[in-house]
Amino acid sequence: MSELVIKSLFLIIFLLLAVFFLKSIFKGLDYSTKRYRSRHSFDIESEIIEKELKEQTRKKSELFDKVAKYSRDNPSKMASLLNKWLIEEDERKE
């Protein structure tokens, strides 16, 4: 009886070690569908990303133009705003 228990324990331990070993091997492999996508899907994604980047660049450019125009039209207000920001930043550091 004790031999049967010992053999069963060894079998269970062996199976657990085998499962952990195989799990560590397969963990490094990537079987997701992203890896096997067609080139066409990558082209579509790159076009979408490119459009989004162009839109973000356009928005940033518009914002920069607005800030530049405001600073030209209201230099004293812009100077006081920048001064206020610098003072607030110094207060945060302290």
Side-chain angles (χ1 to χ4, degrees):
M1 178 77 175
S2 68
E3 264 186 62
L4 181 63
V5 171
I6 292 173
K7 286 181 181 180
S8 298
L9 284 175
F10 278 125
L11 180 63
I12 291 171
I13 291 171
F14 175 77
L15 289 174
L16 286 174
L17 290 174
V19 167
F20 286 120
F21 176 74
L22 291 174
K23 186 178 177 183
S24 67
I25 289 175
F26 287 113
K27 193 175 189 179
L29 300 176
D30 183 17
Y31 290 109
S32 65
T33 57
K34 293 178 184 177
R35 187 177 216 180
Y36 302 106
R37 290 186 295 187
S38 68
R39 182 154 181 83
H40 179 69
S41 65
F42 285 119
D43 291 341
I44 292 172
E45 285 181 13
S46 65
E47 287 177 14
I48 292 170
I49 291 171
E50 188 175 331
K51 286 179 184 178
E52 289 175 359
L53 288 175
K54 285 181 180 179
E55 180 67 20
Q56 289 176 358
T57 303
R58 185 188 61 77
K59 286 180 180 179
K60 285 182 182 181
S61 178
E62 287 177 1
L63 182 61
F64 178 79
D65 291 341
K66 287 179 182 178
V67 170
K69 183 180 182 314
Y70 181 80
S71 64
R72 279 191 306 271
D73 295 343
N74 305 301
S76 61
K77 288 182 180 179
M78 183 58 81
S80 67
L81 178 63
L82 290 173
N83 192 24
K84 183 179 177 182
W85 286 346
L86 291 172
I87 290 171
E88 287 177 1
E89 186 177 326
D90 286 342
E91 289 174 354
R92 286 187 201 144
K93 288 181 180 178
E94 295 173 357

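As the structure is a computational prediction, the values presented were derived from the model and not from experiment.
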Asks: Do Lys51 and Glu47 meet the salt-bridge criterion of a basic N to acidic O distance under 4.0 Å?
Replies: no
Asks: For Ile87, enumerate each residue passing the side-chain contact (heavy atoms from CB on, under 4.5 Å) test, keeping only those at least two apart in sequence or located in another chain.
Replies: Asn83, Glu91
Asks: For the atom pair CG (Leu82) and NZ (Lys77), what is the distance rounded to the nearest 0.5 Å?
Replies: 14.5 Å
Asks: Taking transitive links into account, so neighbours of neighbours count too, which hydrophobic residues share a cluster with Val19 at under 4.5 Å side-chain distance?
Replies: none
Asks: If you group Ile, Leu, Val, Met, Phe, Trp and Tyr whenever their side-chain heavy atoms sit less than 4.5 Å apart, what else falls in with Leu53?
Replies: Ile49
Asks: Please tabulate, one pair per line, all N/O donor-acceptor pairs under 3.5 Å involving side-chain atoms of residues 61-71, not counting sequence neighbours.
Replies:
{"residue": "Glu62", "atom": "OE1", "partner": "Arg58", "partner atom": "NH1", "Å": "3.3"}
{"residue": "Glu62", "atom": "OE2", "partner": "Arg58", "partner atom": "NH1", "Å": "2.4"}
{"residue": "Lys69", "atom": "NZ", "partner": "Asp73", "partner atom": "OD2", "Å": "2.9"}
{"residue": "Ser71", "atom": "OG", "partner": "Val67", "partner atom": "O", "Å": "3.3"}
{"residue": "Ser71", "atom": "OG", "partner": "Ala68", "partner atom": "O", "Å": "2.8"}

Asks: Linking Ile, Leu, Val, Met, Phe, Trp and Tyr by side-chain heavy atoms under 4.5 Å, what else ends up with Ile13?
Replies: Leu17
Asks: Can you name the residues that form a side-chain contact (heavy atoms from CB on, under 4.5 Å) with Leu9, not counting sequence neighbours?
Replies: Val5
